[in-house]
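In what follows, a single structure is set out as structure tokens and then discussed.
Residue numbers run from 1 in the order of the sequence given. This is a predicted model, so every value here is computed, not measured.
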Amino acid sequence: MNIIQQILRGALFLVLAFFGMVMAFVFMASTAVAVAVLYVVARLQGRPFGMKAYWAERRRPGVHPGFAGTRQRNAGPKQDVTDIEMREIP
């Protein structure tokens with residue numbers, strides 16, 4: 001009886017490991033497809049594709065993170081938070 005339980009546990013472990021490997025492969029394949037799409041779009045727009053170019057574009061002041069090339073609304077001076085108000089909620 002103990003041998004049968006060990007065989008069933010081993011089989012269950014192998015099945016779960018197989019499905020885990022399949023899910024990991026699907027994740028890696030979908031990531032590769034997403035990077036390929038980003039590469040093609042960047043090449044069609046004439047921009048370089050790479051992390052250095054990406055971070056340089058994202059760090060430009062006054063550019064909204066989601067819309068490259070557009071200015072932010074209310075692009076005034078940044079104000080630091082110097083005081084907060086706390087209250088207890090019973």
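- Think of Met28 as one node in a network of Ile, Leu, Val, Met, Phe, Trp and Tyr side chains linked at under 4.5 Å; it has no links at all.
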Show every donor-acceptor pair shorter than 3.5 Å between a side-chain atom in residues 35-43 and any protein atom, with sequence neighbours excluded, or say none if there are none.
residue, atom, partner, partner atom, Å
Tyr39, OH, Arg43, NE, 3.4

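- Applying the side chain to side chain donor-acceptor pair (under 3.5 Å) rule to Gln6 yields no partners; only residues at least two apart in sequence or on another chain are considered.
- Applying the ring-ring contact (aromatic ring centres under 6.0 Å, His included) rule to pairs touching residues 3-34 yields nothing, sequence neighbours excluded.
- Hydrophobic cluster membership of Met1, counting Ile, Leu, Val, Met, Phe, Trp and Tyr whose side-chain heavy atoms lie under 4.5 Å apart directly or via other members: none, as it forms a cluster of its own.
- Counted within 6.0 Å of CD1 on Ile3, heavy atoms from surrounding residues, nucleotides or ligands total 12 or fewer; the atom is thus considered open.
- With Leu12 as reference, Leu16 is the one residue of Leu16, Leu8, Leu14 to meet the side-chain contact (heavy atoms from CB on, under 4.5 Å) rule.
- Applying the 4.5 Å side-chain rule to ILVMFWY residues, one finds that Ile89 remains a lone member of its cluster.
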